[in-house]
Protein chains: 2
Amino acid sequence: MKFENQPSYSLGRRTLSTKDVAPGEAGTNVTLISQLTLGAINRGRVLQALYDNGPKSRVDLARLAGVNRTTITGIVQPMIEEKLLVEGDAAPSDVKGGKPARPLFFNPDAPMLGAVLLLPGKIQTCLVTLTGEIKAHMKTEFDPLGDRDAFLSVMRETLSSTLSQAPQAPFGIGVASAGMIDSDNGVILAVNLAPVLTGLPLVDLLQEHFSLPVVIDHHPRALLVGDRWFGPGRGLQTFAAIYTGEVLGGAFYIEGKVYRGLAGSGGELGHSVVQIDGEACNCGKRGCWETVAALPWLRREAGRLGLRDPGNITCARLVKEADDGSKAADALLDRYTRNVAFGIVNLQQTLSLNSYVLHGDVAGGGQMAAERVRQHVEQLVMMRPNQEISITVNGIGEGHTALRGAAGLVLSSHLKVVI
Amino acid sequence: MKFENQPSYSLGRRTLSTKDVAPGEAGTNVTLISQLTLGAINRGRVLQALYDNGPKSRVDLARLAGVNRTTITGIVQPMIEEKLLVEGDAAPSDVKGGKPARPLFFNPDAPMLGAVLLLPGKIQTCLVTLTGEIKAHMKTEFDPLGDRDAFLSVMRETLSSTLSQAPQAPFGIGVASAGMIDSDNGVILAVNLAPVLTGLPLVDLLQEHFSLPVVIDHHPRALLVGDRWFGPGRGLQTFAAIYTGEVLGGAFYIEGKVYRGLAGSGGELGHSVVQIDGEACNCGKRGCWETVAALPWLRREAGRLGLRDPGNITCARLVKEADDGSKAADALLDRYTRNVAFGIVNLQQTLSLNSYVLHGDVAGGGQMAAERVRQHVEQLVMMRPNQEISITVNGIGEGHTALRGAAGLVLSSHLKVVI
DNA sequence: ATAGGTTTGTGCGAAGTACAAACTAACTGC
DNA sequence: GCAGTTAGTTTGTACTTCGCACAAACCTAT
């Protein structure tokens, strides 16, 4: 399946010369900003301001970006003509007189984004509109220990069937995958619980098959982008997303950009050490954060304490049982959230981000669990005057945040929209 | 002491309107790049390319920056006229024919930078040329428990006497200080070992007294900038500087920029936790990295093991004694470097920087100690294919790196030169 | 000595971008 | 109907980078 009528990947840029990428891709350490890249950057930033603040008039955008109204008009007009943005109805303004403002926002009928969420044994695909809506959601399964060709066949079929529901060619495809990902080269390096994926150059394979731009990143980073786009991280310039479950991971949004270490390897927090010579971890080392703050630890401790059905214990159940008066559940919840807090403490001491969004098991415990984590963090971190640490959850929607994030990756990587 | 003939703070920008800062300082989250800021940014990047690569011709700079030769000429010419840069003698080129290239570099006679290093009880001041040379170096002492006015008087006098040796007004003054610093507001929040400095708004005080731009940052960040400018971090786009001694600290250079957390609080690594419920730390918590990888730990363990003069043990001595055949010293060195490694491992898992420069006590142990640390890190971290972790030392010069770094802070903050 | 080739560096005009001032459009209140 | 206010557009200006043509300065071959 190939798309013929591909949209320009420039989201509103009028011309697209081959030379355009040359300055940035010169392969050196220092690059100057040319006149062309300047325009692309500013166009991206206007779009980001729209994402951050919702529908806004030209004047509001000018105020938000600190530039002249005429500049915004110049940037926005071609995007309206390309049907990327639409002008809403004149909103009744709160001021007395004057011409009413026409809010601008993304056109729901603009090309969509393809999104894939790849977890051990499970594939989810969908289309995401530029307004953040999820369409044509599909779920399939694959054998994590099986044959690579079988996996690829399932993958292609599912994605193809989802993408074919788009009225026009999507801007691109974003993939969020569990495991260790080389996002620079588009390769899945290793997924402990799904060996079939090891070493898979998924980006090249999908790019070839669908003739669309494809990006991949690891699961926590997609959650981060999902949070940033239409979740609790919306509008924030600096925050972290933390995933807890069978494994632990994290990703950071720093000074308006998604942080990727070299070859996209930052954020593998699960194997940072919080207990020198502590318990053995899956990774072969000892005392990793994952050994004390992930579900296997929780199950083991629940069993040791004689809690009901320890093999299926979750933070959500723990909160409920503690709420119902179980002292044992309450005590375990306290230890669990404290252990989770240590990882956040180390992040806070290192990067001082101040805002954290929890996903996965702890997020299932809701704001109650988040508040417990926050209290432990405040006790364990070196606080500064006037500093406040915010911890929220974004656990609802069963993969929706990750799928939105995967879609958002396309915007940020291929379309120069900073999300 | 006030300077009258202040240089333009723009390093080669020709006009400086008041409106110039307005767009950037609009106080919002998204800002567009204007035509004026574009020029400033590109000028700064050309200078960075010069720092990174040493004297280079216009053609070389154009190649390095991926831009047209004429662009470089346009940027560089005003700087030569302002006597910021100088054209060197035509160097014999390695190619056969052609007009010989004229290398450009910083004018040694351009205005210098004032630098201050503030450690508990000790003040160092100097002037730093744009070519990284240290001049008019002075050292004085103050009572860390004494009177604030007494400290300020010593401070002013020392700095005044250093600055007066400059033939023309310096570009500004950079201060590197131990302790917890709010670099955004220019305030020393707390220095455990020098309470007299607590809450001191040093930037405002010095700015008022000397009528020069002043910046402050914490000690590890100055080391980082010093490394980046004329040390082992030169030309790197991503690396960390780690300081070990009585306390532990670190700072990061990420994707071409010095990383500062909110209010400049990132990098307080000493109090990240590597041993949940471990030994008590000065900060009131338990199991901080500082409790197992700083000098107090080393002294205590040396005493426990019966090593000679444990109160004055250093990594340097440990290396020497291990080299001379002491099994006990060798074993302790191994544990010490392993404990240091844990902090680097956590950093690597989190940010994946791959390059680390050690300062302070461990750096005193030379490349030998660094290699031990590196080996431990490689054993403790989750390595990726083709990944290499580099650990170097920059321990020589007794404060010179920090002083250079303090000077470099001025370049990067007030002159928009990205170092 | 001279001609041809090569590389470095400099004017000049073109194209692209943001900004400022003046203008039109649309609404409120008297 | 008119003044006042806010939103958005038109027009001209300033600034920046780029491509082309050209001069300057060197080497090599004849």
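Hydrogens, waters and symmetry mates are skipped; everything else that's a heavy atom, side chains included, is used. Throughout, protein chains are lettered first and strands after them, A, B, ... in sequence-line order, and every chain is numbered starting at 1.
The side chain of B:Arg63 lies closest to C:dT8 when the candidates are C:dT8, D:dA25, D:dA7. Proximity note for B:Gln35 (side chain, C-beta onward) versus D:dG8, D:dT16, C:dG9: the nearest is D:dT16. Counting only heavy atoms from C-beta on, B:Ala101 has its side chain closest to C:dG9 among D:dT17, C:dG9, C:dT17. Checking C:dA26, D:dC18, D:dC26 against the side-chain heavy atoms of B:Thr71 singles out D:dC18 as nearest.
Rounded to whole angstrom, the span from the CD1 atom of B:Ile72 across to the P atom of D:dT17 amounts to 9 Å. The CD1 atom of B:Ile80 sits 12 Å away from the C1' atom of C:dT10 (whole-angstrom rounding). The distance between atom CG of B:Leu38 and atom P of C:dC19, rounded to the nearest whole Å, is 12 Å. For the pair A:Asp89 CG and D:dA7 P, the computed distance is 17 Å after rounding to whole Å. Look at CG on A:Leu61: it is 14 Å from P on C:dA18, rounded to the nearest Å. At whole-Å resolution of the value, CD1 in A:Ile41 and C1' in C:dT17 are 12 Å apart. Computed from coordinates, the B:Gln77 CD to C:dG9 P distance equals 11 Å when rounded to whole Å. Nucleotide C:dA26 holds its P atom 10 Å from the CZ atom of A:Arg102, rounded to whole Å.
Heavy-atom nearest nucleotides on DNA chain D were determined for A:Lys99 and for B:Arg69, and the one closer to the 5' end corresponds to A:Lys99.
Dashed line: the shortest gap from a side-chain N or O of A:Thr73 to OP1 or OP2 of D:dT9 is under 4.0 Å. Residue B:Asn42 places none of its side-chain N or O atoms closer than 4.0 Å to OP1 or OP2 of D:dT16. The phosphate of C:dA20 has OP1 or OP2 within less than 4.0 Å of a side-chain N or O from A:Asn68. Checking the phosphate oxygens (OP1, OP2) of D:dT9, no side-chain nitrogen or oxygen of A:Thr70 falls inside 4.0 Å. For the OP1/OP2 pair of D:dG8 and a distance below 4.0 Å, the side-chain nitrogens and oxygens of A:Ser57 include at least one atom meeting the criterion. Taking 4.0 angstrom as the limit, A:Arg58 places a side-chain polar atom (N or O) nearer than this to OP1 or OP2 of D:dT9.
In this structure, CG in A:Asp52 is found 12.5 Å from CH2 in A:Trp229, a value given to the nearest 0.5 Å. Taking CG of A:Leu84 as the start and CG of A:Leu130 as the end, the distance is 6.0 Å to the nearest 0.5 Å.
With salt bridges taken as basic N to acidic carboxylate O contacts below 4.0 Å, one links A:Glu255 and B:Lys257.
Separation of the A:Phe239 and A:Phe252 ring centroids does not fall under the 6.0 Å cut-off.
Nearest heavy-atom pair across A:Leu50 and A:Leu104 is CD2-O, 3.4 Å.
Using a 4.0 Å heavy-atom distance criterion, A:Ile33 is classed as a sugar-phosphate-only contact.
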